[in-house]
K.L.:
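Submitted below is the structure of interest, expressed as structure tokens.
Letters go in sequence order (proteins before strands), and every chain restarts at 1.
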There are 2 protein chains.
Amino acid sequence: MRRLSLYLRSLEELERAGVATVSSQELASRGGTTAAQVRKDLSHFGSFGKRGLGYGVPHLAGELRRILGLSRSWRVALVGAGRMGAALFEYPNFRDRGFRIVTVLDQDPEKVGKEWGGIVIRDVEGLESVLREVRAEIAILTVPGEVVQEVVDRVVDAGIRAILNFAPVRLRVPPGVVVNDVNMALELEALSFALARGARGR
Amino acid sequence: MRRLSLYLRSLEELERAGVATVSSQELASRGGTTAAQVRKDLSHFGSFGKRGLGYGVPHLAGELRRILGLSRSWRVALVGAGRMGAALFEYPNFRDRGFRIVTVLDQDPEKVGKEWGGIVIRDVEGLESVLREVRAEIAILTVPGEVVQEVVDRVVDAGIRAILNFAPVRLRVPPGVVVNDVNMALELEALSFALARGARGR
DNA sequence: TACTTTTTGTGAACGTTTTCACAATCCCCT
DNA sequence: AGGGGATTGTGAAAACGTTCACAAAAAGTA
């Protein structure tokens with residue numbers, strides 16, 4: 001459920017604004033959906049609201065964090081220290097949400113040994129042992145498509161069970177490993193498609 | 001239809017490999033779906049295959065490019081010359097697919113006037129006139145969430161009808177303007193969610 | 001306490017997407 | 001020229017997701 005993340009984002013805004021309670025209607029309009037949708041989504045995980053009153057903002061935010069696994073922090077390995085890797089390393093939303101990049105790896109000897117914000121870039125050569133050493137739980141892969149499958153096999157060997165993949169390649173992983181793809185070319189193509197058939201809004 | 005892009009990617013691989021014809025079955029396994037799905041998707045736009053034989057690889061690739069609006073090239077404006085902007089500027093998949101970044105804009109006077117691969121970074125101050133001058137059709141926005149809505153209003157004023165947004169903010173646009181969001185924190189949260197409930201693969 | 005207002009939680013209706021199943025079609029082989 | 005094997009295109013069925021509508025609950029008011 002991807003919408004849960006959106007609700008959480010709205011709830012955190014409301015939390016900062018000091019709002020104590022919120023209705024499904026209000027959450028819906030902020031999240032770009034309907035009140036019924038919000039209630040159905042939430043009711044799937046429990047009964048968090050009070051009838052006639054709405055949802056307690058801090059309470060619901062806490063529950064969503066728990067459901068989404070965000071009440072703890074995650075140890076993330078970044079493989080690929082190119083431009084995209086650099087951009088993600090600096091991305092403030094990751095750290096704010098409890099995703100801590102604990103190691104950066106690259107194949108290029110020029111980059112290995114350099115330091116990024118206190119983290120030394122390690123050689124991808126020793127990937128398995130590095131990932132075990134830093135107890136990484138999630139891998140972000142910003143490596144070229146030609147080598148990404150090999151890297152995937154190795155991070156899976158190293159015990160990683162969740163992968164965020166930026167290469168435009170369909171990854172093959174054993175059962176029990178979750179992969180999420182970010183394919184920016186595809187997003188542009190969706191725009192191209194919409195323009196080509198005469199953008200009709202959304 | 002997002003799957004069409006995936007099919008096209010497979011077809012281009014097959015094209016390079018010199019394969020003349022492909023079955024829905026083959027396309028399905030490469031695209032991570034089913035043969036029936038492939039046929040339904042394609043039949044929605046026309047009848048491109050030959051019964052008993054399959055689809056002609058070059059022909060179908062051409063049709064998909066036409067449908068997706070990729071048989072021409074698109075003029076793209078990049079607003080926000082931070083790390084993410086730099087990563088996207090270099091991203092080879094954009095240019096390969098006919099998305100040409102024709103201008104880069106930023107708010108920071110330190111950056112304005114610098115040159116990126118032959119393109120001078122312009123001041124976001126003159127956004128409307130720059131975008132008209134270069135005849136930009138698509139805008140990629142890698143600006144902070146606090147200012148993205150203002151930038152959106154301005155690029156829309158400048159005649160842009162398709163926006164790729166990297167800020168974790170829901171944009172409000174008039175009808176006729178298409179927005180596509182890339183929200184990387186959300187993708188990580190989906191992994192966190194999966195891990196939290198015990199990854200069961202995909 | 002009884003009445004009113006508000007808003008949740010949820011079964012049922014509805015709509016959309018995916019899968020199934022098979023007749024229609026095409027190529028190849030003899 | 002005719003039969004066999006392969007594969008598409010597509011209605012019908014099934015699965016899935018969204019919206020509707022309303023009873024159940026909570027809180028304020030008198």
K.L.:
Are any side-chain N or O atoms of B/Arg83 and backbone N or O atoms of A/Ala86, one a donor and one an acceptor, separated by less than 3.5 Å?
P.N.:
no
K.L.:
Keeping B/Asp123 on the side-chain end and B/Glu125 on the backbone end, is there a donor-acceptor pair under 3.5 Å?
P.N.:
yes
K.L.:
Less than 4.0 Å between a side-chain N and a carboxylate O, is that true for B/Glu63 and B/Arg66?
P.N.:
yes
K.L.:
Under 4.0 Å between a Lys/Arg side-chain N and an Asp/Glu carboxylate O for A/Arg2 and B/Glu187?
P.N.:
yes
K.L.:
Over how many whole Å does the gap from B/Leu60 atom CG to D/dT8 atom P extend?
P.N.:
11 Å
K.L.:
Could you tell me how far apart B/Asp41 (CG) and C/dT16 (C1') are, to the nearest whole angstrom?
P.N.:
14 Å
K.L.:
Out of B/Val152, B/Leu141, B/Val130, which residue meets the side-chain contact (heavy atoms from CB on, under 4.5 Å) rule with B/Val79?
P.N.:
B/Leu141
K.L.:
Considering the terminal five base pairs at each end of the helix from C/dT1-D/dA30 to C/dT30-D/dA1, what angle separates the two local helix axes, rounded to 10°?
P.N.:
0°
K.L.:
Give a yes or no on whether the backbone of B/Val124 and the side-chain of B/Arg154 come within a donor-acceptor separation of less than 3.5 Å.
P.N.:
yes
K.L.:
Using whole Å, report how far CZ of B/Arg2 lies from P of C/dT17.
P.N.:
14 Å
K.L.:
How close or far is atom P of D/dT8 from atom CZ of B/Phe48, stated in whole angstroms?
P.N.:
14 Å
K.L.:
Assign a letter to each nucleotide of nucleotides 20-30 of chain C from its 5' end: B, base within under 4.0 Å of a protein heavy atom; S, sugar-phosphate only; -, no contact.
P.N.:
BB-BBBBS---
K.L.:
Check this for me, if you would: do A/Glu15 and A/Arg65 make a salt bridge, where the nitrogen-to-carboxylate-oxygen distance has to be below 4.0 angstrom?
P.N.:
yes
K.L.:
Salt bridge between A/Arg30 and A/Glu26, side-chain N to carboxylate O under 4.0 Å?
P.N.:
yes
K.L.:
Taking DNA chain C as the partner, which of residues 13-27 of chain B come within under 4.0 angstrom of it by heavy atom?
P.N.:
none
K.L.:
Give a yes or no answer on whether the side chain of B/Thr142 reaches the backbone of B/Phe166 with a donor-acceptor pair at less than 3.5 Å.
P.N.:
no
K.L.:
According to a strict under-4.0 Å criterion, is A/Gln37 in side-chain N/O contact with OP1 or OP2 of D/dG17?
P.N.:
no
K.L.:
If you apply the rule side chain to side chain contact (heavy atoms under 4.5 Å, CB included), what do you find for A/Trp74 with B/Leu191, and how did you get there?
P.N.:
CA-CA 10 Å; A/Trp74 294 94; B/Leu191 291 180; over 6 Å; no
K.L.:
Distance check: side-chain N/O of A/Tyr55 vs OP1/OP2 of C/dG9, anything under 4.0 Å?
P.N.:
yes
K.L.:
Test side chain to side chain contact (heavy atoms under 4.5 Å, CB included) on A/Ile160 and A/Val177; report intermediate values, then the result.
P.N.:
CA-CA 8 Å; A/Ile160 294 284; A/Val177 177; 5.9 Å; no
K.L.:
Mapping B/Leu42 and A/Met1 onto DNA chain D by nearest heavy atom, which one lands closer to the 5' end?
P.N.:
B/Leu42
K.L.:
D/dT19 C1' sits how many Å from A/Arg3 CZ, rounded?
P.N.:
12 Å
